[in-house]
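Reviewing the structure listed below.
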Protein chains: 2
Amino acid sequence: MNNDVVHRVDCPSRVILDQIADKWSMLVLAVLSEPRRFNEIKRLLEGITQRVLTQTLRRLERNGMITRRVLPGRPLGVEYSLTPLGRSLQGPFGELYDWTVSNMDAIQAFQRAYDSRTEQST
Amino acid sequence: MNNDVVHRVDCPSRVILDQIADKWSMLVLAVLSEPRRFNEIKRLLEGITQRVLTQTLRRLERNGMITRRVLPGRPLGVEYSLTPLGRSLQGPFGELYDWTVSNMDAIQAFQRAYDSRTEQST
DNA sequence: CGGGATCCAGGATGATACTG
DNA sequence: CAGTATCATCCTGGATCCCG
């Protein structure tokens, strides 16, 4: 990371980072390793509401990460799939995910230590 | 990414991801490539308020990413620096940052296209 | 200098109902 | 099925004041 520039408010990377570096975007992108339909994604991502999912999908679509395709036939069907751009994000996100998994235990240990150091006794 | 597990609400990686995959954490970590003091960080990160900076630093500290050291002497001084764990995050974050810089233009083009496709004319 | 405590407004979120 | 619309709510983040 170039520390001389990242922090500037006018650096476009900050704006972009804002768009992609959030939990749901990452998870949606992960789940879309293969094309999926709306409710399918929703089912896979336990805890997301359709409202938030819709917003996330729209944002990803606007940013050119995913494609929305209306399936012919009834009842309605919509399929989302990664664009090449979206797929190219799997690398960096994968790194981050792997790091998280590798260091999960260490982090939780730190948290416990911090909390016991912090919390007031009865 | 392992799609069979990422999305589960009970997967700890989701909790961790939540902690680290936010804008300010990434930027603070970036700026802390060398030890810095509170107001120094604040000055470097244009747009952050001391409240949010404090919260971000606390969270990072709790997660074992940074160390807080009170400097002896008057007036007060506090120095923050990366722990080995925090430093190990620079790799993944760097990847993401590099990706962002490389694809910034493409993304902004997508956004413009999407917006002109979407917005209603006068 | 480095915060903690408070107050307050606005945006994000959840739940629910309705539609093509 | 795949959303949109609405409303109540919650919580974050900004602004301020104060303290060691």
Side-chain angles (χ1 to χ4, degrees), chain A residues 7 9 14-15 17-28 31-32 34-63 65-81 114-115 117-120, chain B residues 7 9 14-15 17-28 31-32 34-63 66-81 114 117-120:
Chain A
H7 54 277
V9 279
R14 260 182 56 169
V15 183
L17 229 39
D18 246 9
Q19 299 274 318
I20 64 173
D22 78 291
K23 180 177 81 176
W24 290 122
S25 291
M26 291 191 52
L27 294 171
V28 168
V31 153
L32 280 184
E34 52 183 297
R36 292 185 193 280
R37 302 179 43 171
F38 187 86
N39 278 332
E40 195 178 358
I41 303 174
K42 184 171 180 303
R43 239 174 293 116
L44 288 169
L45 264 37
E46 295 180 26
I48 199 171
T49 61
Q50 87 283 57
R51 186 197 220 286
V52 173
L53 178 54
T54 300
Q55 293 171 341
T56 304
L57 289 169
R58 290 285 176 281
R59 183 155 30 80
L60 289 174
E61 192 191 356
R62 186 173 106 99
N63 290 336
M65 315 288 224
I66 65 175
T67 297
R68 187 187 120 108
R69 192 167 70 90
V70 178
L71 303 170
R74 301 245 24 189
L76 262 73
V78 180
E79 187 185 78
Y80 294 91
S81 50
Y114 184 94
D115 292 343
R117 209 182 316 134
T118 301
E119 68 190 17
Q120 320 302 346
Chain B
H7 54 276
V9 281
R14 260 181 57 167
V15 184
L17 230 39
D18 246 11
Q19 299 274 318
I20 64 174
D22 79 291
K23 181 176 82 176
W24 289 122
S25 292
M26 291 192 49
L27 293 171
V28 167
V31 153
L32 280 184
E34 52 185 296
R36 295 187 190 280
R37 304 180 40 172
F38 187 86
N39 279 332
E40 194 178 357
I41 302 173
K42 185 168 180 306
R43 239 174 294 117
L44 288 169
L45 264 38
E46 295 179 25
I48 198 171
T49 61
Q50 92 281 54
R51 186 197 219 276
V52 173
L53 179 54
T54 300
Q55 292 171 339
T56 303
L57 289 169
R58 287 288 174 279
R59 182 156 30 80
L60 290 173
E61 191 191 357
R62 186 173 104 101
N63 290 336
I66 65 175
T67 298
R68 188 186 119 110
R69 192 167 69 91
V70 177
L71 302 170
R74 303 249 20 196
L76 261 73
V78 180
E79 186 185 77
Y80 294 92
S81 50
Y114 184 94
R117 208 183 317 135
T118 301
E119 69 190 15
Q120 320 303 346

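Here is how names work: the chains are called A, B, and so on, in the same order as the sequence lines, proteins then strands, and each is numbered from 1. Since the model is a prediction, treat every value here as computed from it, not as a measurement.
- Rounded to an integer number of Å, the gap from A:Trp24 CH2 to C:dT13 C1' is 12 Å.
- Atom CZ of B:Arg58 is separated from atom P of C:dA5 by 11 Å (rounded to the nearest Å).
- At whole-Å resolution of the value, CD in B:Gln55 and P in C:dG4 are 10 Å apart.
- Looking at A:Glu34 and A:Arg36, a side-chain N of the basic residue comes within less than 4.0 Å of a carboxylate O on the acidic one, giving a salt bridge.
- A pairwise comparison of heavy atoms in A:Leu32 and A:Ile41 identifies CD2-CD1, 3.9 Å as the closest pair.
- One atom, CD of B:Glu40, and another, P of C:dG2, lie 9 Å apart when rounded to the nearest Å.
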For the pair A:Gln55 and A:Trp24, evaluate side-chain contact (heavy atoms from CB on, under 4.5 Å) and give the outcome as yes or no after the intermediate values. CA-CA 10 Å; A:Gln55 293 171 341; A:Trp24 290 122; over 6 Å; no

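- The side chain of A:Phe38 lies closest to D:dA2, out of C:dT13, C:dC1, D:dA2.
- Salt bridge status for A:Glu79 with A:Arg69: present, with a side-chain N to carboxylate O gap under 4.0 Å.
- A sub-4.0 Å separation between OP1 or OP2 of D:dG3 and a side-chain N or O of A:Tyr80 is present.
- The shortest distance between side-chain heavy atoms of A:Asp115 and B:Arg62 falls below 4.5 Å.
- If you take CZ of A:Arg43 and P of D:dA2, they are 8 Å apart, rounded to a whole angstrom.
- Atom C1' of nucleotide D:dT12 and atom CD1 of B:Ile48 are separated by 13 Å, given to the nearest angstrom.
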Quick one: which protein N/O atoms are closer than 3.5 Å to N/O atoms of nucleotides 15-20 of chain D? Pair and distance per line, please.
none

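- Distance alone, capped at 3.5 Å, is enough to place a donor-acceptor pair between the B:Glu40 side chain and the B:Arg37 backbone.
- Put simply, the side chain of A:Met65 does not reach to within 4.5 Å of the side chain of A:Arg59, judged on heavy atoms.
- Scanning DNA chain C for stems, defined as runs of 3 or more consecutive Watson-Crick or G-U wobble pairs whose donor-acceptor distances all fall under 3.5 Å, gives the following ranges: C:1-20 with D:1-20.
- Here the closest non-hydrogen pair linking A:Leu45 and A:Leu27 is CD1-O, 4.1 Å.
- Considering only heavy atoms from C-beta on, A:Leu57 comes within 4.5 Å of A:Phe38 through its side chain.
- Atom pair B:Leu53:CG and D:dG13:P shows a separation of 12 Å (rounding to whole Å applied).
- Atom CZ of B:Arg68 and atom P of C:dG2 are 10 Å apart (whole Å).
- The side chain of A:Pro75 sits closest to D:dC1 out of D:dG13, D:dG3, D:dC1.
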